[in-house]
*Asks:* 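Below you will find the structure I want to go over with you.
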Amino acid sequence: MAQRSRSLNDIAVPEEQKRELKEAFGMFETRKGKMSAKDLGPLLRCLGLNPSERDLEEARHELDVSAKGRITYADVERYIMSHGDVYAEETEDILEAFRVLDKYGNGKISVSDFRRCMTTMGDRMTVDEVDEIIKYAKSDGFIEYEDLLRELSESTK
């Protein structure tokens with residue numbers, strides 16, 4: 001017997017999250033229930049997730065991408081149900097990285113250290129992207145990183 005794919009209706013997911021996924025998918029949908037696989041990153045970011053480029057490459061490989069580079073709503077839904085918590089765990093990883101930069105252990109990092117790390121290490125950001133993030137920081141030359149992550153998280157909801 002063929003295994004039926006799981007959908008949001010099969011899992012205890014709040015109505016609000018179901019609605020958000022449908023709304024976000026609709027923003028990227030190009031043809032009846034399909035979207036371009038290259039829009040997966042922006043879709044996940046609309047949902048408040050933060051996949052790396054490597055995560056996205058793995059997702060595209062895992063998803064049933066059609067010959068035309070399209071994925072269905074059901075594929076995206078299933079993927080998010082099985083992987084969404086992985087991206088949520090990244091918040092703790094980000095906090096841990098900020099703690100490494102926190103020279104005095106006071107919950108703050110200098111704007112210059114933040115800018116240097118974000119533009120030169122890991123998944124590098126552009127100067128404009130970093131400036132956009134710094135706007136959310138209550139800055140006196142330092143960024144309170146827990147507050148920053150909270151602000152950024154709330155801004156994506």
*Asks:* Side chains of I143 and K108, heavy atoms from C-beta outward: is any pair under 4.5 Å?
*Replies:* no
*Asks:* Partners of E129 by salt bridge (Lys or Arg N to Asp or Glu O under 4.0 Å), sequence neighbours excluded?
*Replies:* none
*Asks:* For A37, does its backbone N or O pair with a side-chain atom of R70 as donor and acceptor, under 3.5 Å?
*Replies:*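 Such a contact is absent between R70 side chain and A37 backbone.
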*Asks:* Between K103 and D113, is any pair of side-chain heavy atoms under 4.5 Å apart?
*Replies:*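 The answer is yes; the side chains approach within 4.5 Å.
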*Asks:* Please identify each residue that fulfils ring pair (Phe, Tyr, Trp, His ring centres under 6.0 Å) with F25, with sequence neighbours left out.
*Replies:*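 Partners of F25 under the ring pair (Phe, Tyr, Trp, His ring centres under 6.0 Å) test: Y73.
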*Asks:* Quick test of your reading: applying ring-ring contact (aromatic ring centres under 6.0 Å, His included), list the pairs with at least one residue in residues 29-62, sequence neighbours left out, ordered by first then second residue.
*Replies:*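 Listed once each, the pairs would be none.
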*Asks:* What is the minimum heavy-atom distance between K32 and E29, and which atoms define it?
*Replies:*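 K32 and E29 have their closest heavy atoms at C-OE2, 3.7 Å.
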*Asks:* Taking atom CZ of R60 and atom CD1 of I71, what is their separation to the nearest 0.5 Å?
*Replies:*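 Spacing of CZ (R60) from CD1 (I71) equals 8.5 Å.
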*Asks:* Go through the steps for T119 and R124 under the test side chain to side chain contact (heavy atoms under 4.5 Å, CB included), then give the verdict.
*Replies:* CA-CA 5 Å; T119 58; R124 295 179 181 137; 5.9 Å; no
*Asks:* If we ignore hydrogens and angles and just use 3.5 Å, is the side chain of D102 paired with the main-chain N or O of N106 as donor and acceptor?
*Replies:*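 Yes, D102 side chain to N106 backbone: donor-acceptor pair under 3.5 Å.
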*Asks:* Once side chain to side chain contact (heavy atoms under 4.5 Å, CB included) is applied, do any residues pair with T120, and if so which ones, sequence neighbours excluded?
*Replies:*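 Result, side chain to side chain contact (heavy atoms under 4.5 Å, CB included) vs T120: R116.
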*Asks:* Do V76 and L21 make a side-chain contact, defined as non-hydrogen atoms from C-beta onward lying under 4.5 Å apart?
*Replies:*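 Heavy-atom side-chain distance check passes, below 4.5 Å.
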*Asks:* So that I can tick it off, tell me whether E132 and K135 are bridged by a salt bridge, with the cut-off set at under 4.0 angstrom between side-chain N and carboxylate O.
*Replies:* yes
*Asks:* Find the distance between CG (L101) and OG (S110) and round it off to the nearest 0.5 Å.
*Replies:*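 Going from the CG atom of L101 to the OG atom of S110 covers 8.0 Å.
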*Asks:* Is any side-chain heavy atom of M35 closer than 4.5 Å to a side-chain heavy atom of T72?
*Replies:* no
*Asks:* What distance do L43 atom CG and K38 atom NZ have between them, rounded to the nearest 0.5 Å?
*Replies:* 15.0 Å
*Asks:* With the side chain counted from C-beta on, respond yes when L63 and L40 share a heavy-atom pair under 4.5 Å apart, and no when they do not.
*Replies:* yes
*Asks:* Do S36 and F28 have side chains that approach each other closer than 4.5 Å (heavy atoms only, starting at C-beta)?
*Replies:* no
*Asks:* How many angstroms lie between atom NZ of K22 and atom CD of E77, to the nearest 0.5 angstrom?
*Replies:*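 One gets 7.5 Å once the value is rounded to the nearest 0.5 Å.
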*Asks:* Going by the ring-ring contact (aromatic ring centres under 6.0 Å, His included) test, which pairs reach into residues 108-127, not counting sequence neighbours?
*Replies:* F98-F114
*Asks:* Go through the structure and list residues passing salt bridge (Lys or Arg N to Asp or Glu O under 4.0 Å) with R115, not counting sequence neighbours.
*Replies:*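 With sequence neighbours excluded, R115 shows a salt bridge (Lys or Arg N to Asp or Glu O under 4.0 Å) to D131, given in chain and number order.
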